[in-house]
Undergrad: 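Dumping the structure here so I can ask a few things about it.
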Amino acid sequence: MKCFVTGAAGFIGAHLCQRLLQDGHQVVGADAFIPYYPRPLKEANLSGLRGQAAFSFHEMDLRHDPLDALLEGVEVVFHLAAMAGLAKSWTDFDSYQSCNITATQRLLEAVRRGPGVQRFVYASTSSVYGRFSSGDETLPTRPISPYGVTKLAAENLCRAYADEHGLPLVVLRYFSVYGPGQRPDMGYHRFIRALLAGEPLVVYGDGHQVRGNTYVTDCVAATVAATQAPAGETFNGGGGESASVWEIIQKLERILGQRATVQQEPARKGDQRATFADTTKLYRHCGWRPRVSLDEGLARQVAWQRGLEKRLAA
């Protein structure tokens, strides 16, 4: 199977490319290297992919670069490219609008023009649900951040193309993905980095925010499973364990064998209060279940970040 992965140099995208290659597929990856975080970290994500015969990579921007040639012979599109993060979406909305909506529309147009795509998997987010995002796919969509608004808008664009042009769409909403390769702006990465450096770690708000945590390989397995799901459906993709910010910090303290110094800051605008994915529907259709426990996943991320910090210091 020939696959096209957008956001291939990102956290989840690089893991997805590796899984697809291991499964024997041909993978075409694309990424624009938008400077949301340092490019060397994305290059590191690609380091295990470059040189593999079944992988080709293209540095290109979905918002304005030609796409048709990249889609020749592609059977499955995994659209993971997006401008991520809540806080910045309040101050740089143009980037979120262009990366999350315009880029998606141009990709949809290119897919519409080219025959042969059997599934178009759109990677969405629990942020489309809003402040309280615990439940199944029937939860109302009430995003409370510009980021969430743009991701929901892109979902609806995909559905419009599915209805009008027969796009074989599957929407998969990710819930709080963590693990090796996690973006440096994300909470668990920041916590671990501060603990390793012996510096204060920042907690926004009261720390009682609860997240349903999804280890990255479980997220990738759900994404691959979505290719077998019925077209036109929407699924939650989330791990089976939830924890508050304070509980995560306690777990990291145990793993690292040291106490954290905490600096509290005001809550961020648009931050979700509680998320936890009911994934019954994805299990029913595809047989997917999360496999990696929260304690095991955090230990793996700590080990990866130890190595990352050593490489950066060298």
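Excluded from the calculations below are hydrogen atoms, water molecules and symmetry mates; all remaining heavy atoms, backbone and side chain alike, are included. Keep in mind that this is a model prediction, so the values were computed, not measured. Heads up: numbering here begins at 1 and tracks the sequence.
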Undergrad: Check whether Gln209 reaches the backbone of Tyr204 with its side chain - one donor and one acceptor, N or O, closer than 3.5 Å.
TA: yes
Undergrad: Are Leu196 and Arg193 close enough that some pair of their side-chain heavy atoms sits under 4.5 Å apart?
TA: no
Undergrad: Around atom CZ of Phe57, are there more than 12 heavy atoms of other residues, nucleotides or ligands at under 6.0 Å?
TA: yes
Undergrad: Quick one: are Val117 and Val76 in side-chain contact, heavy atoms under 4.5 Å?
TA: no
Undergrad: Is NZ or CZ of Arg39 both nearer than 6.0 Å to the six-membered ring centre of Phe33 and within 45° of the ring axis?
TA: yes
Undergrad: Decide yes or no for Asp92 and Met83: does some side-chain heavy atom of the first lie under 4.5 Å from some side-chain heavy atom of the second?
TA: yes
Undergrad: Donor-acceptor check, side chain of Tyr129 to backbone of Arg142, threshold 3.5 angstrom: yes or no?
TA: no
Undergrad: Determine whether a donor-acceptor pair (N or O, by modelled atom type, separation under 3.5 Å) exists between the side chain of Asp31 and the backbone of Gly29.
TA: no
Undergrad: How about Leu80 and Tyr174: do any of their side-chain heavy atoms sit closer than 4.5 Å?
TA: yes
Undergrad: May I ask you to test the Thr227-Val121 pair for a side-chain heavy-atom distance under 4.5 Å?
TA: yes
Undergrad: Might you work through the salt bridge (charged side-chain N to carboxylate O under 4.0 Å, His left out) test for Arg50 and Glu43, ending with a clear yes or no?
TA: CA-CA 10 Å; Arg50 293 188 188 274; Glu43 292 287 0; 3.2 Å; yes
Undergrad: Have Ser98 and Arg63 got a donor and an acceptor in their side chains that come within less than 3.5 Å?
TA: yes
Undergrad: Leu86 and side-chain contact (heavy atoms from CB on, under 4.5 Å): which partner among Asp271, Asp185, Ile144?
TA: Asp271
Undergrad: Between Tyr215 and Tyr178, does the ring centroid distance fall short of 6.0 Å?
TA: yes
Undergrad: Do any N or O atoms from the side chain of His165 and from the backbone of Ala160 form a donor-acceptor pair under 3.5 angstrom?
TA: no
Undergrad: Would you compute the distance between atom OG of Ser176 and atom CD of Gln272 and round it to the nearest 0.5 angstrom?
TA: 7.0 Å
Undergrad: Given Leu282 and His285, is the side-chain contact (heavy atoms from CB on, under 4.5 Å) satisfied, shown in steps?
TA: CA-CA 5 Å; Leu282 188 59; His285 284 280; 5.8 Å; no
Undergrad: Do Glu155 and Arg173 meet the salt-bridge criterion of a basic N to acidic O distance under 4.0 Å?
TA: yes
Undergrad: Hey, are Tyr122 and Lys151 close enough side-chain-wise for a donor-acceptor pair under 3.5 Å?
TA: yes
Undergrad: Under the side-chain contact (heavy atoms from CB on, under 4.5 Å) criterion, do Val27 and Leu16 qualify, and how do the steps go?
TA: CA-CA 10 Å; Val27 179; Leu16 174 61; over 6 Å; no
Undergrad: Taking the six-membered ring of Phe11 (Phe, Tyr or Trp), confirm whether the NZ or CZ of Arg183 is under 6.0 Å from its centre and within 45° of its axis.
TA: no
Undergrad: Working to the nearest 0.5 angstrom, can you tell me the gap between Met60 CE and Leu70 CG?
TA: 5.5 Å
Undergrad: Decide whether Val202 and Tyr188 are clustered together by the hydrophobic rule: side chain heavy atoms of Ile, Leu, Val, Met, Phe, Trp, Tyr closer than 4.5 Å, transitively.
TA: no
Undergrad: If you count every heavy atom of other residues, nucleotides or ligands that lies below 6.0 Å from Arg259 atom CZ, does the total exceed 12?
TA: no
Undergrad: Is it the case that one hydrophobic cluster holds both Val220 and Met1, taking links as side-chain heavy atoms less than 4.5 Å apart, direct or via other members?
TA: yes
Undergrad: Stepwise, does the side-chain contact (heavy atoms from CB on, under 4.5 Å) test hold for His189 with Gln305?
TA: CA-CA 8 Å; His189 191 123; Gln305 281 192 237; 3.4 Å; yes
Undergrad: Quick one: do the Ser244 and His208 side chains pair a donor with an acceptor below 3.5 Å?
TA: no
Undergrad: Residues two or more places apart in sequence or in another chain: which of them pass ring-ring contact (aromatic ring centres under 6.0 Å, His included) with Phe55?
TA: none
Undergrad: In sequence, state the C-alpha distance, the side-chain angles, and the governing distance for Ser89 and Thr150, and then conclude on side-chain contact (heavy atoms from CB on, under 4.5 Å).
TA: CA-CA 9 Å; Ser89 69; Thr150 60; over 6 Å; no
Undergrad: Hey, what do you get for OG (Ser242) to CG (Asn213), rounding to the nearest 0.5 Å?
TA: 7.5 Å
Undergrad: Between Gln263 (side chain) and Leu201 (backbone), is there a donor-acceptor pair under 3.5 Å?
TA: no
Undergrad: Is there a donor in the side chain of Gln301 and an acceptor in the side chain of Gln182, or the other way round, less than 3.5 Å apart?
TA: yes
Undergrad: Using the side chain to side chain donor-acceptor pair (under 3.5 Å) rule, take Asp295 and Ser293 through it: C-alpha gap first, then chi angles, then the decisive distance, then the call.
TA: CA-CA 6 Å; Asp295 287 339; Ser293 71; 5.8 Å; no
Undergrad: Just by distance, no angles: are the side chains of Gln97 and Thr102 close enough, under 3.5 Å, to form a donor-acceptor pair?
TA: yes
Undergrad: Is Leu62 close to His79 at the side-chain level, that is, under 4.5 Å between some pair of heavy atoms?
TA: yes
Undergrad: Which atom names give the shortest non-hydrogen contact between Leu152 and Pro143, and what distance separates them?
TA: CD2-CD, 3.9 Å
Undergrad: Quick check against the 3.5 Å criterion: does Glu75 have a side-chain atom that pairs as donor or acceptor with the backbone of Cys3?
TA: no
Undergrad: Can you tell me how far the CD1 atom of Ile255 sits from the CD atom of Gln250, to the nearest 0.5 Å?
TA: 12.0 Å
Undergrad: Quick check on Arg254: does its CZ atom have over 12 non-hydrogen neighbours (other residues, nucleotides or ligands) under 6.0 Å away?
TA: yes
Undergrad: Going hydrophobic residue to hydrophobic residue with side-chain gaps under 4.5 angstrom, can you get from Val5 over to Leu71?
TA: no
Undergrad: With a 4.5 Å limit on heavy-atom distance, are the side chains of Val171 and Phe235 in contact?
TA: no
Undergrad: Has the side chain of Ser126 got a donor or acceptor atom that lies under 3.5 Å from a matching backbone atom of Phe175?
TA: no
Undergrad: Pairing donors with acceptors under 3.5 angstrom, does anything connect the side chains of Ser133 and Arg273?
TA: no
Undergrad: Could you check whether Thr138 and Asp136, counting side-chain N and O atoms only, form a donor-acceptor pair closer than 3.5 Å?
TA: yes
Undergrad: Can you tell me how the ring of Tyr96 sits relative to the ring of Tyr147, calling it parallel under 30°, perpendicular over 60° and tilted otherwise?
TA: perpendicular
Undergrad: Would you give the length of the straight line joining atom SG of Cys17 to atom CD of Gln52, rounded to the nearest 0.5 angstrom?
TA: 10.0 Å
Undergrad: Cluster question for you: counting only ILVMFWY and a side-chain heavy-atom cut-off of under 4.5 Å, with indirect links fine, are Val177 and Val302 together?
TA: yes
Undergrad: Taking Asp65 for the side chain and Ala32 for the main chain, is one N or O donor matched with an acceptor at less than 3.5 Å?
TA: no
Undergrad: Within the side chain of Arg159, is there an N or O that forms a donor-acceptor pair under 3.5 Å with the backbone of Gly232?
TA: no
Undergrad: Does a side-chain heavy-atom distance below 4.5 Å link Leu139 with Phe132?
TA: no
Undergrad: For atom CZ of Arg300, decide whether the heavy atoms of other residues, nucleotides or ligands shown that lie under 6.0 angstrom number more than 12.
TA: yes
Undergrad: Say whether, by atom type as modelled, one donor and one acceptor occur between the side chain of Ser124 and the main chain of Leu172 under 3.5 angstrom.
TA: no
Undergrad: Give the intermediate values and the outcome of salt bridge (charged side-chain N to carboxylate O under 4.0 Å, His left out) for residues Lys281 and Glu233.
TA: CA-CA 10 Å; Lys281 183 178 178 182; Glu233 295 291 339; 2.7 Å; yes
Undergrad: Membership question, hydrophobic clusters at under 4.5 Å side-chain separation (ILVMFWY): are Phe78 and Val28 in the same one?
TA: no
Undergrad: Regarding Tyr161 and Asn156, do their side chains bring together a donor and an acceptor under 3.5 Å, going by distance alone?
TA: no
Undergrad: Using a strict cut-off of less than 4.0 Å between a Lys/Arg side-chain nitrogen and an Asp/Glu carboxylate oxygen, indicate whether Glu109 and Arg112 qualify as a salt bridge.
TA: yes
